[in-house]
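Chain A is the first sequence line, chain B the second, and so forth, proteins listed ahead of strands; every chain is numbered from 1.
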Number of protein chains: 2
Amino acid sequence: MSKKLRDWLLSVGLKRTKPRLLVLDILHKNEHFMSADDIFVKAKKVDKSISLSTVYRILESFVEKEIVSPVTLEYSKHLLYELKHETHAHHLICLSCKKVIHVHNCPLESFEKQMGDQYDFKVKNHKLEFYGLCSACQAKENAS
Amino acid sequence: MSKKLRDWLLSVGLKRTKPRLLVLDILHKNEHFMSADDIFVKAKKVDKSISLSTVYRILESFVEKEIVSPVTLEYSKHLLYELKHETHAHHLICLSCKKVIHVHNCPLESFEKQMGDQYDFKVKNHKLEFYGLCSACQAKENAS
DNA sequence: GTAGGTGCAAAGAGTTTGCATACGC
DNA sequence: GCGTATGCAAACTCTTTGCACCTAC
């Protein structure tokens with residue numbers, strides 16, 4: 001695990017405990033949004049003794065310290081989590097494998113302003129997700 | 001309740017029972033996304049005898065028959081529901097009163113194509129929500 | 001009259017909390 | 001060493017299911 005990732009905890013005032021580093025590592029390595037239970041299952045493979053309630057508590061503290069963002073998606077009834085990115089980003093989400101591609105540009109500034117004017121609505125932020133098939137899953141679909 | 005709304009049930013093959021008409025009416029009258037429990041609380045005021053499990057079953061059947069869309073939002077951990085609209089629409093959601101304004105135009109077609117080309121990602125649909133303050137809540141905020 | 005819908009109660013998931021022990025700083 | 005974090009078990013909340021009765025067609 002990178003030093004940068006390890007130091008992130010200290011810099012927000014959280015002790016570097018074994019379970020926290022583990023959760024951080026799992027979120028960092030994964031290219032999917034993950035539920036508390038997804039993370040727990042992966043964590044259990046590395047550290048048999050970790051408890052699900054610890055995972056919940058860690059996620060809660062990470063969200064509070066803004067290390068992690070909670071995400072709700074069309075295809076899942078559960079709250080999911082992702083490591084926070086430095087920059088504003090949108091998502092391409094594969095309906096088949098659930099992989100998430102981050103898109104670091106945003107076409108919405110002018111539309112946002114237009115909405116604000118038309119409805120007298122003051123936009124604070126927005127959420128944009130595209131659902132579809134990633135390159136690999138398109139290939140799989142064509143093959144079958 | 002409008003005849004159109006009442007006939008909607010029959011036209012998708014659902015009997016017009018009292019609890020179904022009630023749920024339909026509540027969803028129709030409300031300008032917010034609602035959870036199963038939100039709907040149950042409102043329904044209870046009209047019909048004391050309605051049961052929460054009935055509300056869950058009704059919502060399940062409405063989603064299956066595509067009368068209702070399930071929605072997940074940034075500010076709520078629960079699955080919410082809205083009556084389906086005839087046309088593709090996006091949402092302006094007030095962070096204060098949770099009112100939902102429907103926007104029937106969409107700036108994303110060209111961006112969608114661009115994303116598809118750039119990442120070899122075949123977009124099937126997308127979800128766009130703006131979060132902010134509606135006209136009334138801006139006024140309230142300025143007054144306080 | 002019959003198939004399907006409903007209310008109630010109980011079961012099942014998912015999430016949170018209390019408490020004694022363990023660990024990072 | 002102190003204060004916080006953890007694991008475990010129990011509590012709590014949300015959602016689903018089984019069953020007997022009821023109702024729309």
Nucleotide D:dT15, atom C1' - distance to CG of A:L79 in whole Å: 17 Å
Sequence-aligned protein contact record of nucleotides 7-14 of chain D, with B where the base is within under 4.0 Å of a protein heavy atom and S where only the sugar-phosphate is: BBB----S
By side-chain hydrogen bond (donor to acceptor under 3.5 Å, both in side chains) - contacts of B:K3 (at least two apart): B:D7
Length of the line joining A:I58:CD1 and D:dA5:P, which is rounded to integer Å: 10 Å
Counterpart residues, ring pair (Phe, Tyr, Trp, His ring centres under 6.0 Å), relative to B:F111 (two or more places apart): A:F130
Set of salt bridge (Lys or Arg N to Asp or Glu O under 4.0 Å) partners for A:K99, sequence neighbours left out: none
Spacing between B:L22 atom CG and C:dT6 atom P, to the nearest angstrom: 11 Å
side-chain hydrogen bond (donor to acceptor under 3.5 Å, both in side chains) against B:D120, all qualifying residues, sequence neighbours excluded: A:S135
Integer-rounded Å distance: C:dA13 C1' and B:K77 NZ: 16 Å
Rounded to 10 degrees, the angle between the two terminal axes of the helix from C:dG1-D:dC25 to C:dC25-D:dG1, each from five pairs: 50°
Residues that B:H90 engages under ring pair (Phe, Tyr, Trp, His ring centres under 6.0 Å), provided they are two or more places apart: B:H88, B:H126
Test salt bridge (Lys or Arg N to Asp or Glu O under 4.0 Å) applied to B:K44 - qualifying residues, sequence neighbours left out: none
Which residues share a salt bridge (Lys or Arg N to Asp or Glu O under 4.0 Å) with A:K48, sequence neighbours left out: none
Partner set under salt bridge (Lys or Arg N to Asp or Glu O under 4.0 Å) for A:D25, not counting sequence neighbours: A:K29
Quick one: which protein N/O atoms are closer than 3.5 Å to N/O atoms of nucleotides 23-25 of chain C? Pair and distance per line, please.
from, atom 1, to, atom 2, distance (Å)
C:dC25, OP1, A:R16, N, 2.9

B:K42 NZ: over 12 foreign heavy atoms closer than 6.0 Å: no
A:L59 CG to D:dT6 C1', straight-line distance once rounded to whole Å: 15 Å
Cluster companions of A:L133 among Ile, Leu, Val, Met, Phe, Trp, Tyr (side-chain spacing under 4.5 Å): none
Rounded distance (nearest 0.5 Å) linking atom CZ of A:R6 with atom CG of A:L21: 5.5 Å
